[in-house]
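Notes follow the structure.
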Number of protein chains: 2
Amino acid sequence: MGDILRPIGIIARALDSISNIEFKEVDLTRGQYLYLVRICENPGIILEQLASLIKVDKTTAARAVQKLEKNGMIERRSDVTNKKIRLIFPTDKGREVYPFIIRENEYSNLVALKGLSEEEQKQLGDLLLKVELNISDDWEYVKAGHKRNY
Amino acid sequence: MGDILRPIGIIARALDSISNIEFKEVDLTRGQYLYLVRICENPGIILEQLASLIKVDKTTAARAVQKLEKNGMIERRSDVTNKKIRLIFPTDKGREVYPFIIRENEYSNLVALKGLSEEEQKQLGDLLLKVELNISDDWEYVKAGHKRNY
DNA sequence: ATTATTATGTTGTATTTGCAACTAAAATAT
DNA sequence: ATATTTTAGTTGCAAATACAACATAATAAT
């Protein structure tokens, strides 16, 4: 069976590295674009959902969101029915940055898929979604402190 | 055109997160397994090659290698013909850890590919290699300080 | 109704990551 | 032969990341 972990890691690091360099132009520091796009697309999302969506530790997400708030990109509102949760929304400033992120991501996607047929692109996307589903469970399991046996 | 950046990022973070937790058992701190496997498979590799292979900043690789050296996992030897480079080799201790890393990675790979047919697995692997090639050039380009226009 | 458990979020601390700037050897150009 | 550029590696700093431990609200169990 072929290994997919390594190419996936390589591609992910390369893309993330490129994005982080390019998003300095819109005053986003390392990693922040990840959170901001999700918040723009899911206004009212809560922290734990956000962390789970991105697959990042919740304390990392917490500090990223704190920083986005401090920089005026997002704002948090308390819920009326649930005093514990804090709903996260993009501000106007955050919404202005959003198209820039999308444009960059679309371009990187274009570069990544260069030379693949329409059919191949679709296959790749479909297969990656399956892999994402497969691995998500193990991530939650291991993060929750459980031990996989193999 | 479907987006592949997001699933790839999600999968990569999830897998890396799992690995980092599981490799504490063999006294590897975050990220170190990445370097150690490559060094074991390419004994005598130099730092810049290693960084480029993994797609990580060379200063990050430098510090990871320093730490692996301090912990007795790898050793560095100077080259006779080239005074500038330092060849990196695994130690016996490093070589002992290697099979553990491989076993964990193979298991994660298995989980990731669950439910995919042999044919699909092969396709996915082939397509990812193409994507890796596509994006590698842009990574080198942007890391070298150049600006992409899109 | 009270207790136990889970869900959501935060802070302390240690470590990793990477950009900037630098040194020096090697390779290339003049 | 000398000067220039590229290659390889390092250190200073600032920031991100995540584990541990915690607080408290919400939910479930008794």
Side-chain angles (χ1 to χ4, degrees), chain A residues 9 12-14 16-25 27-35 44-71 76-88 139-140 142-145, chain B residues 9 12-14 16-25 27-35 44-71 76-88 139-140 142-145:
Chain A
R13 279 188 298 274
D16 187 55
S17 175
I18 292 170
S19 291
N20 283 324
I21 292 169
E22 294 182 331
F23 291 144
K24 282 183 197 163
E25 200 179 319
D27 288 317
L28 291 175
T29 55
R30 197 154 69 91
Q32 294 204 298
Y33 73 98
L34 284 176
Y35 306 89
I45 195 172
I46 65 169
L47 188 64
E48 291 230 328
Q49 281 173 13
L50 186 60
S52 168
L53 210 60
I54 298 174
K55 255 74 185 165
V56 84
D57 194 84
K58 64 175 178 170
T59 63
T60 305
R63 288 190 162 108
V65 168
Q66 279 166 8
K67 182 154 189 180
L68 284 169
E69 188 175 34
K70 198 169 127 248
N71 293 64
R76 287 189 277 190
R77 303 185 205 145
S78 37
D79 190 288
V80 266
T81 60
N82 187 330
K83 287 173 196 168
K84 195 170 40 167
I85 64 178
R86 310 182 67 186
L87 310 174
I88 310 172
W139 182 73
E140 303 276 1
V142 172
K143 284 293 275 184
Chain B
R13 278 188 299 274
D16 187 54
S17 176
I18 292 171
S19 291
N20 283 323
I21 291 169
E22 294 183 330
F23 291 145
K24 283 181 194 164
E25 200 179 320
D27 287 318
L28 292 176
T29 54
R30 197 154 68 95
Q32 294 203 298
Y33 74 99
L34 284 175
Y35 305 90
I45 195 173
I46 65 169
L47 188 65
E48 291 231 328
Q49 282 172 14
L50 186 60
S52 168
L53 210 59
I54 298 175
K55 255 71 183 171
V56 85
D57 194 83
K58 64 175 177 171
T59 63
T60 304
R63 287 186 164 112
V65 167
Q66 279 166 8
K67 181 154 189 180
L68 283 169
E69 189 175 33
K70 197 168 128 248
N71 294 7
R76 287 189 277 190
R77 304 184 203 144
S78 38
D79 190 288
V80 267
T81 59
N82 187 328
K83 286 172 198 169
K84 195 170 40 168
I85 64 178
R86 309 182 68 188
L87 310 174
I88 310 172
W139 182 72
E140 303 276 0
V142 173
K143 284 294 276 184

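Just so it is clear: chains get the letters A, B, ... in the order the sequence lines come, proteins before strands, and each one is counted from 1. Below, all heavy atoms of this structure are taken into account, side chains as well, without hydrogens, waters or symmetry copies. Since the structure is predicted, the reported quantities are computational estimates derived from the model, not experimental observations.
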Within-4.5 Å side-chain heavy-atom neighbours: Asp57(A) and Lys143(A):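 In short, these two side chains touch, coming nearer than 4.5 Å.
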
Counting only side-chain nitrogens and oxygens, does [X] get under 4.0 Å of the OP1 or OP2 atom of [N]?
{"X": "Lys58(A)", "N": "dC19(D)", "value": "no"}
{"X": "Lys67(A)", "N": "dA15(D)", "value": "no"}
{"X": "Thr60(B)", "N": "dG18(C)", "value": "yes"}
{"X": "Gln66(B)", "N": "dG9(D)", "value": "no"}

[X] has an atom [atom1]; how far is it from atom [atom2] of [N], in whole Å?
{"X": "Asp16(A)", "N": "dT16(C)", "atom1": "CG", "atom2": "P", "result": "19 Å"}
{"X": "Leu47(A)", "N": "dT17(D)", "atom1": "CG", "atom2": "C1'", "result": "14 Å"}
{"X": "Leu28(B)", "N": "dT15(C)", "atom1": "CG", "atom2": "C1'", "result": "14 Å"}
{"X": "Ile21(B)", "N": "dC19(D)", "atom1": "CD1", "atom2": "P", "result": "5 Å"}
{"X": "Ile46(B)", "N": "dA8(D)", "atom1": "CD1", "atom2": "P", "result": "4 Å"}
{"X": "Arg63(B)", "N": "dT11(D)", "atom1": "CZ", "atom2": "P", "result": "8 Å"}

Donor-acceptor pair (no angle test) under 3.5 Å: Lys84(B) side chain, dT7(D) base: yes

Sugar-phosphate only, base, or nothing, as touched by Arg76(B) at under 4.0 Å among non-hydrogen atoms: sugar-phosphate

Comparing Asn82(A) and Thr59(B) on DNA chain C - which has the more 5′ nearest nucleotide: Asn82(A)

Lys83(B) or Lys143(B), whichever maps to the more 5' nucleotide of DNA chain C: Lys143(B)

Name of the residue among Arg77(B), Arg63(B), Arg76(B) meeting salt bridge (charged side-chain N to carboxylate O under 4.0 Å, His left out) with Glu69(B): Arg76(B)

